[in-house]
**Student:** 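My questions all concern the structure below.
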2 protein chains.
Amino acid sequence: MAECQRFVVDCPSRLLFDQLADKWSMMVLAVLDPGPMRFNSIKRHLEGVTQKALTQCLRRLERNGLLTRRVIPASPVAVEYEISPLGRSLQVPFKALYNWTVVNLDQVEEARQEFDQRLAA
Amino acid sequence: MAECQRFVVDCPSRLLFDQLADKWSMMVLAVLDPGPMRFNSIKRHLEGVTQKALTQCLRRLERNGLLTRRVIPASPVAVEYEISPLGRSLQVPFKALYNWTVVNLDQVEEARQEFDQRLAA
DNA sequence: CTGCATCCATTTCGATACTG
DNA sequence: CAGTATCGAAATGGATGCAG
């Protein structure tokens, strides 16, 4: 971060950051925290997610090695998703960021109201 | 995170997370780390950002109390952006996340190649 | 049950032109 | 210099239908 004078849009770390910081990834990892879970179960735990969005999110997480996908041969077929060790290690900074939002939400809300009032004036 | 059984899309922390995890916010905070900076200077430090995107990003960061905007009366006018104490506190978890990407980039890259090869097969 | 393909509405984004 | 406004292009998002 501090080591560059100029920040390039296709910095590898930035590109990776983008893949992690999307709408659902953090919540999927949170949902999977207790243990493996099946597709529809994950979906039920995430209010507002569509099948398409969840599928894409799971694919991306799988591709980046953050979780594993296991097909259980049965009928109907079952698919289980589980956090990988790499995904577990990512939970640490994610939780730190999540905690920051919880701790500072009030302060942010204050700032917003102040800002919006200045605009109205 | 662990305290909810069901994750709702409009959870306040999630909404705040969205405002922080966009394409440029983290990099803007990184650029402003050494000290206050003017609009065009920030823009020059961020390769690939458009004026519109940067303006929107700075507005959002300002509204959320993460940085302050100071107009210096002169001609032509100058505007200086500076990280607020709240913004400084956010840098901590941001840097943790950034460090994670740096440390694990290779491992992610391996996972990607493995995934892509499985697809091709 | 899981997930892909398609279509269409919505949103976002970049480029350009213009203002104080 | 630091924006705002506008417009078309592009990406995204949800809903639906279908398949293994």
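A note on names: the letters A, B, ... follow the listed sequences, proteins ahead of strands, and every chain is numbered from 1. In this text the structure is predicted, and so the values were computed from the model without any measurement.
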**Student:** Check whether the side chain of Q51(A) and the base of dC4(C) form a donor-acceptor pair under 3.5 Å.
**Tutor:** yes

**Student:** Select base, sugar-phosphate, or nothing to describe what V77(A) touches, counting heavy atoms under 4.0 Å on all strands.
**Tutor:** base

**Student:** Grab the CH2-P distance between W24(A) and dG13(D) for me, whole Å please.
**Tutor:** 10 Å

**Student:** Provide, to the nearest angstrom, the distance between the CG atom belonging to D18(B) and the C1' atom belonging to dT12(C).
**Tutor:** 14 Å

**Student:** Could you tell me the separation between the CG atom of L54(A) and the P atom of dC1(C), rounded to a whole number of Å?
**Tutor:** 14 Å

**Student:** Under a plain distance cut-off of 3.5 Å, with no hydrogens placed, do R59(B) and Q56(B) share a side-chain donor-acceptor pair?
**Tutor:** no

**Student:** Measuring from K95(A):NZ to M26(A):CE, what's the distance to the nearest 0.5 Å?
**Tutor:** 11.0 Å

**Student:** Between dA15(D) atom P and Q56(A) atom CD, what is the distance in whole Å?
**Tutor:** 14 Å

**Student:** Main chain of F39(B), side chain of R44(B): is a donor-acceptor contact present, judged purely on distance under 3.5 Å?
**Tutor:** no

**Student:** Quick check for you: among dG3(C), dG14(D), dG14(C), whose closest atom lies nearest to any side-chain atom of F39(A)?
**Tutor:** dG3(C)

**Student:** To the nearest Å, how far apart are R60(B) CZ and dC13(C) P?
**Tutor:** 9 Å

**Student:** How many Å lie between CD1 on I72(A) and C1' on dT2(C), as a whole number?
**Tutor:** 12 Å

**Student:** Looking at dT2(C), I'd like to know if its phosphate oxygens (OP1 or OP2) sit under 4.0 Å from a side-chain N or O belonging to R38(A).
**Tutor:** yes

**Student:** Under 4.0 Å between a side-chain N or O of Y81(B) and OP1 or OP2 of dG3(D)?
**Tutor:** yes

**Student:** Quick one: Q19(B) CD to dT12(C) P, roughly how many Å, whole number?
**Tutor:** 12 Å

**Student:** Between R38(A) and E80(A), does any NZ, NE, NH1 or NH2 come within less than 4.0 Å of an OD or OE carboxylate oxygen?
**Tutor:** no

**Student:** If you assign P76(A) and R59(A) each to the DNA chain C nucleotide with the nearest heavy atom, which residue ends up on the more 5' nucleotide?
**Tutor:** P76(A)

**Student:** Does W24(A) have R14(B) sitting over its ring (NZ/CZ under 6.0 Å from centre, angle to axis within 45°)?
**Tutor:** yes

**Student:** K52(B) has an atom NZ; how far is it from atom C1' of dA5(D), in whole Å?
**Tutor:** 9 Å

